[in-house]
Amino acid sequence: PYKSITCVDGWMLFELKKKGFIKALDRGVFALSAGPALPAYIPTLSKNMKTLYKKITDKHPFASLCLWETRCLNEFMLHQPGKSLTVVEVESEAAEAVFHTLKESYRSVFLLPSRQDFEYYVYTAPSSIVIKKLVSQSPLHTVSGIRTPKLEKLLVDLVADSDFYYSYQGSERTTLFRNTFSHYHVSLKTLIAMHSGEKADRSWRIACSKISFFPPRLAKGVCYDLNN
C-alpha cells in the first residue's frame, strides 16, 4: 500500500523522477518504480502504411481515422502470427466511403468483418486491409505524420473486441500484456479515462474491468504500483 508524504521538496521529487525511482501517474501523484523509467511505445511504420494513409487522407481529408499494423504486437508475443493485417479505424460515417476508395487500389479490403470472415477470407488473403469503426475519444497520437493508436488503446481493444482480435486471446493475450507492461510505459491516466471518463465507450468500461493489470479501484483515484 502507498504511504502519504505530505512534505516533499520539489527538487527531491525532480531528482527521484529523473533517476527512475518514482514515476508520475498524474499531476502531483507519483508511484514507486522498481527501476529506470520505462520508455514510451513508438511503433515503426512501414512504407506501405504511409502510402495507404496518404491515399485515404487525400480523398477524405476531414475523416477522423487512425492506422496500425498488427505486426507491431509481435514483439510482445511468444508465438508469432504468420500474418500481419493493416487495420484502418475510421469514423462510422466515413467507413463505407473509405472502403470503396481502397477497393479501387487494393484487392483484399474488408469492411467490418465478422469472426467467420476472418477465418475464411481475411487470414487467407495475401495482404489484407481491415476497416473498423473508430470509437470517438480514442487515445491517438501522431507518428511520422500518421495518426495511430496509443498503446493503451491497443491493449483495451484486444479485450473489448475479442471477436475482431480472436487470434490474440487466451494465454497469448496474458503474455502480451505482461511483456507490454514490463517494457513500455503504460499511462494509468489514459486507462482511467477509457474506463471512467465522461465520454468513455461502454465496451472500454467492460474491457478495463476484465484486464488483470487494471486494479478494480483504480477508477476511484486509488494509486497502485504496477511493478508489484
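Predicted, not measured: the structure shown is a model, and the values here were computed from it.
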For [Y], is there any backbone N or O sitting under 3.5 Å from a side-chain donor or acceptor partner on [X]?
X      : Y      : result
Glu172 : Ser167 : no
Lys83  : Pro126 : yes
Ser105 : Leu102 : no
Thr70  : Leu85  : yes
Ser128 : Val122 : yes

Who passes side-chain hydrogen bond (donor to acceptor under 3.5 Å, both in side chains) against [X], sequence neighbours left out?
X      : value
His60  : Thr101
Tyr120 : none
Ser114 : Asp117

What are the two closest heavy atoms between [X] and [Y], and how far apart are they?
X      : Y      : value
Leu158 : Gln169 : O-NE2, 2.9 Å
Lys153 : Pro149 : CD-CB, 3.8 Å
Ala95  : Ile131 : O-CG2, 4.2 Å
Glu152 : Ser187 : OE2-N, 2.7 Å

Could you grab the distance from atom [atom1] of [X] to atom [atom2] of [Y], nearest 0.5 Å is fine?
X      : Y      : atom1 : atom2 : result
Arg107 : Ser127 : CZ    : OG    : 11.5 Å
Cys66  : Lys150 : SG    : NZ    : 12.5 Å
Glu119 : Thr124 : CD    : OG1   : 11.0 Å
Thr180 : Leu151 : OG1   : CG    : 5.5 Å
Thr51  : Met49  : OG1   : CE    : 11.5 Å
Leu111 : Lys103 : CG    : NZ    : 10.5 Å

Sub-4.5 Å side-chain heavy-atom contact between [X] and [Y]:
X      : Y      : result
Thr86  : Asn48  : no
Val130 : Phe164 : yes
Leu78  : Asn179 : no
Tyr41  : Val186 : no
Lys132 : Asp161 : yes
Ile56  : Val90  : no
Phe110 : Leu112 : no

Count the heavy atoms belonging to other residues, nucleotides or ligands that lie under 6.0 Å from [atom1] of [X], then report whether that count exceeds 12.
X      : atom1 : result
Lys133 : NZ    : no
Glu96  : CD    : no
Gln116 : CD    : no
Arg115 : CZ    : yes
Tyr166 : OH    : yes

>> Checking Glu69 against Ser46: is there a side-chain donor and acceptor pair closer than 3.5 Å?
In response: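 Checked: Ser46/Glu69 side chains pair up, N/O donor to acceptor below 3.5 Å.
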
Would [X] and [Y] show up in the same hydrophobic cluster when neighbours are defined by side-chain heavy atoms closer than 4.5 Å?
X      : Y      : value
Leu134 : Trp68  : no
Leu140 : Val87  : no
Phe181 : Leu154 : yes

>> Tell me whether the rings of Tyr165 and Tyr168 are parallel (<30°), tilted (30 to 60°) or perpendicular (>60°).
In response: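 Geometry flag for Tyr168 against Tyr165: perpendicular rings.
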
> Taking the six-membered ring for Trp, are Phe118 and Tyr123 parallel (under 30°), tilted (30 to 60°) or perpendicular (over 60°)?
Replying inline: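 The rings of Phe118 and Tyr123 sit tilted, inter-plane angle from 30° to 60°.
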
>> Using side chain to side chain contact (heavy atoms under 4.5 Å, CB included), reason through Val159 and Arg173 one step at a time and then give a plain yes or no.
In response: CA-CA 9 Å; Val159 181; Arg173 191 178 77 189; 3.8 Å; yes

> For Leu65 and Glu89, what are the C-alpha separation, side-chain angles and deciding distance, and is it a side chain to side chain contact (heavy atoms under 4.5 Å, CB included)?
Replying inline: CA-CA 5 Å; Leu65 76 154; Glu89 298 189 40; over 6 Å; no

>> Evaluate Leu155 against Leu176 for side chain to side chain contact (heavy atoms under 4.5 Å, CB included), listing each step before the verdict.
In response: CA-CA 9 Å; Leu155 295 178; Leu176 188 152; 3.9 Å; yes

>> Could you go through Tyr184 and Glu75, starting from their C-alpha distance and side-chain angles, then the distance that decides it, and tell me whether this counts as side chain to side chain contact (heavy atoms under 4.5 Å, CB included)?
In response: CA-CA 12 Å; Tyr184 293 101; Glu75 66 174 288; 3.0 Å; yes

